[in-house]
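Take a look at the structure below.
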Amino acid sequence: MFGGTFNPIHFGHLRAAEEVREALGLERIIFMPSCVPPLKSGDLAEGGCRLEMVRLAVRDNPYFEVSDMECRRGEKSYTVTTIEELKEQHPPLEPLFILGVDAFLDIPNWYRPERLIQLCDFIVVSRPPYGVEEILKSPFIEDEGTGRGGETPAVLTLKSGRRVISMNCTPIGISASEIRERLRAGRSIKYLLPETVESYIISNKVYNDLR
Ligand code: ATP
């Protein structure tokens, strides 16, 4: 499960997901746009629009799919609730939660972080300017495991006993906030995200009234 605001989805997200899938031989990656992100507001496009942009971005990859679980719930999108629901829906499968190292380090500020780190294993990827070794700054890491030599993928252990696979990905320094900033300034967003998503943003004026 790859969660995010995806406001909008871009090549940084897509390439990281593809590299994780290939390196770990995953059968599928479920993109999970958060409908009402508890920690982000301001120029947030409507949940339905972000869901549609993810749909457009992943439709040519047979390993990628998008879930409307958080959008359907409509209330604040807590990852703990989403992981619990995924586990209920797909026993005995165990979800793996993919996230960038910046997001992983932020988990202590999320809803019920101690519960979250008990619920599933994690895959943490580098995200410029942060290399994946930054993961050691997390208060939840118990043991560096095979991460000691700095090679990736590496397997580390959390205080909950759950595992984290850390992985360096091709550094792609794109952020959704930079894309929104460019749109506000009337600048080009070409080659930062799939063409289908760019066309959707322009023809639906997704960010025109958002500040
Ligand atoms: P914003 O700039 O609005 O904060 P964002 O670009 O960080 O957005 P999110 O939807 O918040 O995008 O990110 C979802 C997940 O994708 C997070 O775990 C984040 O760390 C990861 N991620 C985002 N951009 C990249 C990137 N360029 N490379 C690797 N991972 C990324």
Please check if Val54 and Ile201 belong to a single hydrophobic cluster, counting links between Ile, Leu, Val, Met, Phe, Trp and Tyr side chain heavy atoms closer than 4.5 Å. yes

Any side-chain heavy-atom pair from [X] and [Y] closer than 4.5 angstrom?
| X | Y | answer |
| --- | --- | --- |
| His90 | Pro95 | no |
| Pro171 | Ser126 | no |
| Tyr63 | Leu26 | no |
| Pro8 | Leu193 | yes |
| Val101 | Val125 | no |
| Val197 | Ile9 | yes |

If I take atom [atom1] from residue [X] and atom [atom2] from residue [Y], how far apart are they, to the nearest 0.5 angstrom?
| X | Y | atom1 | atom2 | value |
| --- | --- | --- | --- | --- |
| Cys169 | Glu18 | SG | CD | 10.5 Å |
| Met32 | Leu86 | CE | CG | 4.5 Å |
| Glu70 | Ser34 | CD | OG | 5.5 Å |
| Met1 | Leu96 | CE | CG | 10.5 Å |
| Ser67 | Gln89 | OG | CD | 7.5 Å |

Check Val124, Leu24, Val132 against Pro153 for a side-chain contact (heavy atoms from CB on, under 4.5 Å) and give me the one that passes. Leu24

Using residues 113-123 as the side-chain source, report each donor-acceptor pair under 3.5 Å to any protein atom, sequence neighbours left out, with the distance given to one decimal.
from: Arg115; atom 1: NE; to: Glu84; atom 2: OE2; distance (Å): 3.2
from: Arg115; atom 1: NH2; to: Glu84; atom 2: OE2; distance (Å): 3.2
from: Asp121; atom 1: OD1; to: Arg163; atom 2: N; distance (Å): 2.9
from: Asp121; atom 1: OD2; to: Arg163; atom 2: NH2; distance (Å): 3.4

What pair of heavy atoms forms the shortest contact from Ser175 to Arg127, and how long is it? CB-NH2, 3.2 Å

Lys/Arg-Asp/Glu bridge criterion (N-O < 4.0 Å) met for Glu65, Arg55: no

Please determine if Arg50 and Glu46 form a salt bridge, counting it only when a charged side-chain N lies under 4.0 Å from a carboxylate O. no

Could you list the residues that satisfy side chain to side chain donor-acceptor pair (under 3.5 Å) with Glu195, not counting sequence neighbours? none

I'd like to check the side chain to side chain donor-acceptor pair (under 3.5 Å) partners of Arg15; sequence neighbours left out, ordered by chain and number. Glu19

Check step by step if side-chain contact (heavy atoms from CB on, under 4.5 Å) holds for Ile107 and Leu99. CA-CA 10 Å; Ile107 288 183; Leu99 68 181; 4.1 Å; yes

Under 3.5 Å, is there a donor on one side chain and an acceptor on the other for Thr82 and Arg73? yes

Should the pair Phe2 and Phe6 be assigned to parallel (<30°), tilted (30 to 60°) or perpendicular (>60°) ring geometry? perpendicular

